[in-house]
Every structure is written in C-alpha cells, then in structure tokens.
Amino acid sequence: MSQIDNKNVYRALFEQSPIGLMIFDQNGTIVEANESSLHFLKATKERIIGLSYQDLKDKTVSELLGKGLKGEASDYEGPYRTTISNIILQVRFRVNPLMEKGKLVGIALIFENLTERMETEARLANSLSEKLAVEAALKENEVKFKTLFHSAGEAIFLMDDRIFLECNPKTEEMFGCDREDIVGASPVDFSPEYQPDGSASSEKAKQKIMAALDGRPQTFDWLHCKKDRSTFDAEVTLTSVTLNGRKLLQAIVRDISERKKAEEQIKKLNEDLEQKVVLRTEELKATNTYLENTNRNLIVTLDELKSTQAQLIQSEKMAVLGQLIAGIAHEVNTPLGAIISSNEGIQSLFRQDWEKLLCDFAEMSPSERESWKMIFSKGSIFPEFYDSAEERKNRKLIREALHRLGYPSLEFVSENLAELGIRPEDLPELVKEVPKEKFSTVVSNASSLSGIIRHSNVIREAAIKASRVIRALKTYVYQDQTVLSIIDIREQMDTVLTLYYNKLKYGVEIVRKFSDRSVVRGQADQLTQVWANLINNAFQAIAYQGVLELGSYTEGDFIVVSVTDNGPGIPEEIQDKIFEPFFTTKEKGEGSGLGLDICRKIVEMHNGRIEFDSKPGKTTFRVYLPLAETSLI
C-alpha cells in the first residue's frame with residue numbers, strides 16, 4: 001500500500017510541478033510531459049508525445065538533449081524558439097541522464113520560463129532609471145531656475161497680497177537698497193503717494209494685486225521709488241504662482257526710464273516733423289501744380305511729336321513711292337496694252353469670216369480634222385517666252401520640209417505653223433492623210449480659231465501681272481498703321497520688289513536666302529517702310545546694276561533680316577552719322593536724310609535693333625526683330 005502511495009505522490013509532483021518537466025526515452029523520443037511544460041510550449045500532449053529531439057527547431061536545445069543521450073548533464077539559459085507554437089521565450093534548461101543499474105534508460109528535461117520575470121525586471125529597471133532621470137532633471141531645473149532668478153536682468157519679487165517675501169540681486173541694484181530693506185516691506189513702501197495719472201498708489205496697487213491673484217496676469221506701467229525716494233519709471237508684470245499649496249504672486253519689474261525718455265524725445269520729434277510736413281506739403285502742392293501744368297504741356301507736345309513722326313514716316317514713304325511712279329505706270333500700261341491688243345484680235349476674227357471658218361471645218365474629212373486638232377492644240381498653248389529669231393529659223397525649216405514633202409511653197413502656211421509652235425519634225429504626222437490642196441485650208445482654219453484661246457491667255461496673264469502690281473502698290477500705301485498682326489517678312493520683301501520690278505529687271509540680280517521661320521508680330525505698314533528704305537538705298541548704291549541679296553535667319557529668340565548689296569560701300573568717316581536725322585549723301589532733292597533715322601525708330605518700337613557693316617564691294621544692314629512666338633509688343 002505504501003508503494004502505491006509513493007508512486008501516486010511522485011506522479012502528482014510530476015503533473016503539478018510549476019516547472020516544465022519532460023521525459024525522453026533512450027532514443028530521444030518524448031514519452032512524458034507535465035501540464036507546466038505544455039502551457040509553457042503552448043501545445044497539447046498529443047502534439048508533444050512521440051516528438052524526437054532531432055525535430056526541434058532550436059538547435060541549441062537539440063544539441064543539449066543529444067549530449068544528455070550520451071550521458072552528459074548540461075545547463076542552458078537564454079532565448080529558445082519553440083517547435084510547435086514558433087515563439088521565442090527566455091528560458092533556463094537542465095538536462096539530466098536517467099540511469100538504471102548503470103545503463104542509460106532516458107533523459108529528463110527540466111525547464112523554467114523566465115520571460116515574464118525578465119520583462120518584469122526590465123520594467124522595474126526602466127522605472128528606476130526614469131525616476132532617477134526625473135530626479136536629476138528636477139535637480140538640474142532647480143539649479144537653472146535658481147541661477148536664472150539670481151542672474152536675471154529684471155527685478156523679481158515673490159510676495160503675497162501684502163508684503164515682499166523674496167527678491168533677487170537685481171532688485172537691490174534697481175531700488176538702491178539691501179535685501180533686508182525689501183523683504184517684509186509693502187509695495188507701497190517703494191511707491192510715491194500718487195501715480196502720474198493721479199490715482200493713489202495704495203488703491204491702485206491693491207486692484208492690480210487682487211486681479212493677479214484672481215488668475216488674471218497684469219502688465220502695467222508704474223512709478224517706483226528707490227530707497228532715497230528718487231523715482232523711476234517701471235513696467236511691472238504680476239503673475240499668480242502656487243508654492244507648497246500657497247497662492248503667491250511673482251512680480252517682474254523692468255526699469256523703463258530710458259524708454260520713457262526716448263518716447264518723449266520721439267514725441268517732440270514727431271511734433272517738429274508734423275510742422276515740417278505741413279510746410280513741406282504746402283511746398284509740394286505748389287510744385288505739384290506746376291508739374292501738372294508742365295505735364296499737360298508735355299502731353300500736348302508729345303502728341304504733336306507723334307503726329308509729326310507719323311507725317312515724316314508717311315512723307316518718306318511717299319518720297320520712295322514718287323521715285324517709283326514712272327516704273328509702276330509702265331508696269332501697269334504694258335499689260336493693259338496687251339489686253340487691248342488681244343481683245344482687238346478676238347473681235348477682228350468675229351468681224352471677218354468666222355462663219356466661213358465654221359463651214360470649212362464642217363466639210364473636213366476625219367483625217368483632216370485629226371490634223372486640224374493637232375494644229376489647234378499647239379496653237380492653244382500659251383508660250384513661256386517669245387523669241388523672234390527662233391521663230392524665223394523655225395519658219396525656214398518648215399518651208400524646206402514642206403517642199404521636200406511635195407507641197408507648194410506657201411509662205412503664209414509656214415508662217416502660221418511657226419507662229420503656232422509647230423516643229424519640222426511634227427509635219428509628217430500632220431500631212432499624212434491630208435490632201436495637198438486642203439492642207440493650207442486646215443492650217444489657216446486651225447490657226448484662226450486657236451487664236452481666240454491664245455488671245456484669251458494673253459489677257460489672263462496681263463491681268464494677273466497688272467493685278468499683282470496694283471496689289472503691291474495698295475499694300476505699300478494703305479496698310480493699317482495701328483493694328484498689330486502676324487507678318488511674313490518674305491511676303492513684305494516680295495511686295496517691295498514688285499514695285500521696283502521695272503527698274504531692276506534689266507540690271508539687278510536678286511538673291512533670296514530666307515529661313516523657314518520668317519514671321520514676326522508688328523505693324524505691317526511700318527515694317528514695310530523699313531524694307532522699302534533699305535532696298536531703295538541698296539538699289540541707289542549699286543545704281544540699279546549689280547547684286548542684291550535678301551535673307552533671314554534666326555538667332556536665339558530673334559529673326560535677323562539682312563539686306564546686302566555689292567556697291568562701293570559707306571565711307572568709314574561717315575559710318576557713325578548715317579542714322580542721324582537729316583544726314584544724307586544724296587544730291588539735293590533725292591533724299592531728306594530721314595530714311596535710316598525713321599527705320600531705326602520703327603525697329604526700336606518693335607523691341608528690335610538695326611546694325612550694319614560696310615566695306616568696298618559689300619554693305620549689309622541687319623534688322624533684329626523678336627520672333628512672333630516671343631514678341632512682347
């Protein structure tokens with residue numbers, strides 16, 4: 001009975017022990033585990049029993065158990081990663097071999113969870129550290145506040161509602177007395193009977209003290225007395241503080257005597273300044289009246305100058321136009337003459353035998369009509385150029401070819417064919433199936449009827465040419481002088497050159513080198529005036545016999561427009577004068593000397609600039625204008 005009791009006792013001790021206990025057999029397999037170990041590992045007995053020590057995740061513990069299976073006892077304290085729940089705990093392990101009759105029958109693993117105890121110890125250590133830090137900070141702050149109190153630049157009092165309890169060294173200096181003279185005294189003892197506003201110091205001090213004790217901080221000016229009863233101005237701040245459960249007042253006093261003196265000086269200076277301002281204001285009113293009158297006069301003068309400038313620009317433009325009138329008249333009269341002549345040719349055809357021409361055509365055979373169609377088609381084409389020498393040569397070759405083909409020498413036939421642009425090599429095809437006696441009729445009929453189209457083409461081309469000249473003249477004279485618009489420099493140059501065509505077509509070579517980006521924003525009328533002046537000057541420099549090069553290129557945010565001639569150049573001794581008003585090298589009556597001055601003013605109005613360089617054989621003027629995308633005008 002006692003053996004059973006002992007067995008039960010040991011079993012109860014194993015199961016109820018607060019320390020984790022495990023039994024491994026001689027193969028390292030768990031065969032027993034108490035409740036503490038299961039709680040410790042957060043696992044069930046079903047998961048634990050049968051688990052080999054080699055299956056443990058924590059290699060340190062598995063190595064200890066392996067040593068135990070070899071008969072070695074060992075200890076371990078430190079972190080442990082559990083196998084089932086995969087958590088890290090702080091533990092203390094003891095591995096003991098189990099021997100029976102000198103033979104290893106298993107091992108016992110005794111372990112204790114130190115995690116909670118170590119966390120508690122860490123918290124206690126932290127609390128102790130924090131307490132020590134707080135005490136050290138309090139002590140440090142006490143030293144700081146004491147140092148601040150004693151070294152402050154203002155007088156600091158500690159008082160109740162009646163008397164001073166404490167003061168700093170600055171108080172002794174400010175009031176000219178010792179600490180013993182202040183502690184125990186009343187604020188009224190260091191104040192005159194009345195304050196500057198006439199109120200009694202005792203009553204006013206009581207009001208301020210009661211308000212501060214009531215939790216309303218007070219800051220105010222006060223007239224204080226020193227020990228020798230001399231007064232000084234001060235700024236006082238009263239604040240309620242609580243020390244050891246007792247409500248007291250802290251008073252901070254600043255000597256503001258110097259500030260008061262400065263304020264008085266500033267007040268006096270302000271009064272003097274006000275007097276000076278009044279006097280100066282009267283002077284400024286008189287000056288302002290004078291300036292207003294002067295400004296009105298300047299505005300009138302400026303308007304007159306603007307009007308004069310506009311008139312000068314228009315006069316200069318008309319002067320250039322006057323030089324072109326004869327050439328423009330010729331350019332218009334020439335196409336008008338061609339139109340009249342061509343119209344007369346058409347009318348003469350209809351005044352004569354047009355009915356006979358139609359009848360002759362109706363009587364033609366199919367082969368004759370094919371020949372007629374070829375001649376008519378050739379005669380309907382408007383020639384790109386006319387060369388009388390070439391036509392005479394062609395007429396002779398046609399006459400010879402007809403003679404070789406057995407046709408009688410008909411002068412008017414060869415003349416008509418040459419005039420229509422028929423070549424000798426075209427004749428075999430034309431006469432192939434046409435009777436010899438009918439060929440002259442076919443040629444005459446086709447030539448006469450195709451003349452209508454030829455004359456019509458001449459009228460069209462002449463009208464286009466006249467229209468181009470009139471359009472250029474209208475653009476030059478009637479451009480809007482106020483509206484800003486997008487302007488293509490190339491189109492403006494073409495307009496100016498059209499007006500000069502009659503003078504330059506026989507002796508001037510024009511070279512154009514414009515970039516794709518040749519667009520600016522500005523006043524078209526004014527910029528056309530610039531190009532007209534520069535081109536006119538260049539023509540006069542080369543006496544309408546030479547090379548004129550017009551071009552443009554971009555440079556940063558600017559387009560640079562250039563006008564270059566191969567004339568004799570501008571003499572070096574006058575190059576710095578050419579932009580001066582009324583300076584000219586031309587004969588009397590040929591120029592006013594305002595052209596380049598006006599050009600410069602127009603370019604500058606467009607936020608640009610004009611430059612030039614000149615030497616014998618080459619003169620170039622360059623105009624810099626903001627590109628349309630970046631123009632600021």
Side-chain angles (χ1 to χ4, degrees), residues 131 133-271:
K131 181 178 179 182
V134 170
E135 290 177 352
L138 290 173
K139 186 174 182 180
E140 182 180 356
N141 287 338
E142 181 181 358
V143 172
K144 287 181 180 178
F145 293 142
K146 186 175 181 180
T147 301
L148 180 62
F149 181 79
H150 285 284
S151 62
E154 293 87 14
I156 302 177
F157 298 92
L158 192 62
M159 57 184 291
D160 57 14
D161 59 345
R162 296 180 299 105
I163 62 173
F164 296 127
L165 303 176
E166 186 59 88
C167 68
N168 66 347
K170 184 65 178 178
T171 307
E172 298 175 293
E173 176 187 338
M174 187 177 295
F175 286 88
C177 58
D178 297 328
R179 177 177 176 277
E180 291 75 14
D181 298 322
I182 297 175
V183 174
S186 168
V188 179
D189 295 335
F190 290 92
S191 304
E193 184 176 358
Y194 295 99
Q195 289 297 307
D197 61 358
S199 60
S201 295
S202 57
E203 290 299 321
K204 192 168 184 179
K206 182 178 180 181
Q207 293 174 6
K208 299 293 183 181
I209 289 171
M210 296 308 295
L213 286 172
D214 196 34
R216 290 174 290 155
Q218 302 290 305
T219 298
F220 52 91
D221 290 350
W222 192 261
L223 187 63
H224 267 303
C225 290
K226 295 186 178 183
K227 184 178 181 180
D228 60 5
R229 305 310 294 173
S230 62
T231 60
F232 65 94
D233 291 301
E235 182 185 75
V236 180
T237 299
L238 294 179
T239 308
S240 174
V241 295
T242 302
L243 295 177
N244 299 323
R246 183 182 177 188
K247 184 176 287 188
L248 302 175
L249 285 178
Q250 175 185 265
I252 299 175
V253 180
R254 301 176 184 86
D255 188 342
I256 59 172
S257 300
E258 294 300 322
R259 191 185 78 184
K260 286 287 187 179
K261 290 179 182 179
E263 289 175 353
E264 288 297 326
Q265 291 177 352
I266 291 173
K267 183 178 179 182
K268 186 175 183 307
L269 289 173
N270 281 337
E271 291 174 352

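Distance check: M210 CE to L238 CG gives 12.5 Å after rounding to the nearest 0.5 Å. Note that CD of Q207 is 7.5 Å distant from OG of S199, once rounded to the nearest 0.5 Å. With rounding to the nearest 0.5 angstrom, the NZ atom of K170 is 12.5 Å from the CZ atom of R254. In this structure, Q265 CD and E263 CD are separated by 11.0 Å, a value rounded to the nearest 0.5 Å. For the atom pair CG of L223 and CD of E193, the computed distance is 12.5 Å after rounding to the nearest 0.5 Å. Separation of atoms CZ (R179) and CG (N168) is listed at 11.0 Å; rounding is to 0.5 Å.
S186 and D189 share no donor-acceptor pair across their side chains, judged by distance under 3.5 Å alone.
For Y194, the OH atom is loosely surrounded, since the number of other residues' heavy atoms within 6.0 Å does not exceed 12. Heavy-atom contacts from other residues, nucleotides or ligands closer than 6.0 Å to NZ of K204 number more than 12.
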Q: I would like to know whether V236 and K208 meet side chain to side chain contact (heavy atoms under 4.5 Å, CB included); could you show each step before the answer?
A: CA-CA 10 Å; V236 180; K208 299 293 183 181; over 6 Å; no
Q: Please test V253 against T171 for side chain to side chain contact (heavy atoms under 4.5 Å, CB included), starting from the C-alpha separation and ending with a verdict.
A: CA-CA 8 Å; V253 180; T171 307; over 6 Å; no
**Q.** Candidate pair E154 and T237, rule side chain to side chain contact (heavy atoms under 4.5 Å, CB included), full reasoning
**A.** CA-CA 11 Å; E154 293 87 14; T237 299; over 6 Å; no
Q | side chain to side chain contact (heavy atoms under 4.5 Å, CB included) assessment of I252 paired with T239 | A | CA-CA 9 Å; I252 299 175; T239 308; over 6 Å; no
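The pair R259-D233 does not meet the salt-bridge criterion, since no charged nitrogen lies less than 4.0 angstrom from a carboxylate oxygen. Looking at K260 and E264, no side-chain N of the basic residue comes within less than 4.0 Å of a carboxylate O on the acidic one, giving no salt bridge. Using a 4.0 Å cut-off between a side-chain N of Lys or Arg and a carboxylate O of Asp or Glu, K226 and D228 do not qualify as a salt bridge.
Taking all atoms of both residues into account, the shortest heavy-atom contact from Q218 to A211 is NE2-CB, 3.5 Å. Between S257 and F232, the shortest heavy-atom contact is OG-CB, 3.5 Å. Shortest non-hydrogen contact noted between P187 and F164 is CA-CZ, 3.6 Å. Annotation for K247 and S240: closest pair CG-OG, 3.5 Å, computed over non-hydrogen atoms.
None of F157, F190, F175 except one satisfies the ring pair (Phe, Tyr, Trp, His ring centres under 6.0 Å) rule with H224; the exception is F175.
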